[in-house]
Amino acid sequence: MMITKKVKTMAAVTLGSCLICVSAYAAGTEKSSKYSSEPINEVEFYGNPASSISAGVSVPSGSSYLFTSGTVPPVLNKEGKTVYERYGDTKTQGIGILKEIEKQLKDKGLTLADVAYLRVYLTADAAKEGKFDYQGWFDAYAQFFGNEANPVKPARSTVGVAGLVSSDWLIEIEAVAVYPKHHNQN
């Protein structure tokens, strides 16, 4: 009889502890997020206003996307003796790529203002002591995003990689654009 009373007491204590934990957890989940849970009707960029990129992007339900494949730099001078004569430095290559992406978007009825995300691959630049020229890329980016002509600051990843398909390429860029809600894709 004594064992049964102890088992009942332990079961009651365990059950009571579980109820307290569940109540505490449920109370903690009621805290509201600083981001609205209401549906959105247009693409929303969020993050630090002083940053040159967005921390994230919210896209309305039912939106259509355009994903570009990795876009590489255009040839400047096919007969050039060096990578810099053939394709330019990281900044020049980045500018050439963003102009090409701009053309791709225009062909689909979009602009750089519709870009929500960029993924950028950089290789080390021999002329920069074998280091990645992040500043060259940042300078190219600033000519197209987060400025007076295009205030949009997409979310972005910039990754240093060992190499690209051509050893002359210092940068390759992928873009994701979102079609405006009332866009006719035909």
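Note: hydrogens, waters and symmetry copies are ignored here, and every other heavy atom, side chains too, is used. Heads up: numbering here begins at 1 and tracks the sequence.
Between Q143 and K91, the closest side-chain pair of non-hydrogen atoms falls below 4.5 Å. Side-chain contact check for I97 versus I171: some heavy-atom pair is nearer than 4.5 Å. Within the 4.5 Å cutoff, side-chain heavy atoms of K103 are placed close to those of E100. With a 4.5 Å cut-off on side-chain heavy atoms, L170 and D133 do not count as touching. A heavy-atom distance below 4.5 Å is found between the side chains of T90 and L122. Inter-residue side-chain proximity for L76 and T92 is flagged as met; some heavy-atom pair is nearer than 4.5 Å. Side-chain contact between V152 and L112 is absent, with no heavy-atom pair separated by less than 4.5 Å. Using a 4.5 Å cut-off on side-chain heavy atoms (C-beta onward), V57 and V43 make contact.
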**Item:** Working for side-chain hydrogen bond (donor to acceptor under 3.5 Å, both in side chains), residues S157 and Y117
**Value:** CA-CA 8 Å; S157 298; Y117 181 75; 2.7 Å; yes
**Request:** Apply side chain to side chain contact (heavy atoms under 4.5 Å, CB included) to V83 and D168, showing your working.
**Result:** CA-CA 5 Å; V83 60; D168 281 352; 3.8 Å; yes
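Closest heavy-atom contact between V178 and S63: CG1-CB, 3.8 Å. Closest heavy-atom contact between W169 and P73: CD1-CG, 3.5 Å. For A55 against G47, the heavy-atom pair with the smallest separation is CB-CA, 3.8 Å. Counting all heavy atoms, side chain and backbone alike, F132 lies closest to G160 at CE2-CA, 3.5 Å. Between I95 and F144 the shortest heavy-atom distance is O-CZ, 3.9 Å. Nearest heavy-atom pair across L110 and P180 is CD2-CD, 3.8 Å.
Under the 30°/60° scheme for interplanar angles, the aromatic rings of F145 and Y141 are found to lie parallel.
In the hydrophobic clustering of ILVMFWY residues, with side-chain heavy atoms under 4.5 Å counting as a link, V165 and V161 come out together. Clustering ILVMFWY residues whenever any of their side-chain heavy atoms sit less than 4.5 angstrom apart, transitively, puts I53 in the very cluster that holds Y134. Follow the hydrophobic side-chain contacts under 4.5 Å out from I101 and you reach V120 in the same cluster. No single ILVMFWY cluster, assembled from side-chain heavy atoms under 4.5 Å apart, contains both L98 and V75. Residues Y87 and L164 fall within the same hydrophobic cluster, defined by Ile, Leu, Val, Met, Phe, Trp and Tyr side chains chained together at heavy-atom separations under 4.5 Å.
The main-chain N or O of T111 is found under 3.5 Å from a side-chain atom of D114 such that the two form a donor-acceptor pair. Looking at R156, its side chain never comes within 3.5 Å of a backbone N or O of L118 through a donor-acceptor pair. With hydrogens and angles disregarded, a donor-acceptor distance shorter than 3.5 Å links the side chain of K153 to the backbone of P49. Within the 3.5 Å criterion, the main-chain N or O of G88 finds a donor-acceptor partner in the side chain of Q93. The backbone N or O of A175 lies less than 3.5 Å from a partner atom in the side chain of T68, making a donor-acceptor pair. With hydrogens and angles ignored, the 3.5 Å screen pairs a side-chain donor or acceptor of Y84 with a backbone N or O of A127.
I173 contributes atom CD1, which lies 11.5 Å from atom OH of Y121 (distance to the nearest 0.5 angstrom).
More than 12 heavy atoms of other shown residues, nucleotides or ligands fall within 6.0 angstrom of atom CD in Q135.
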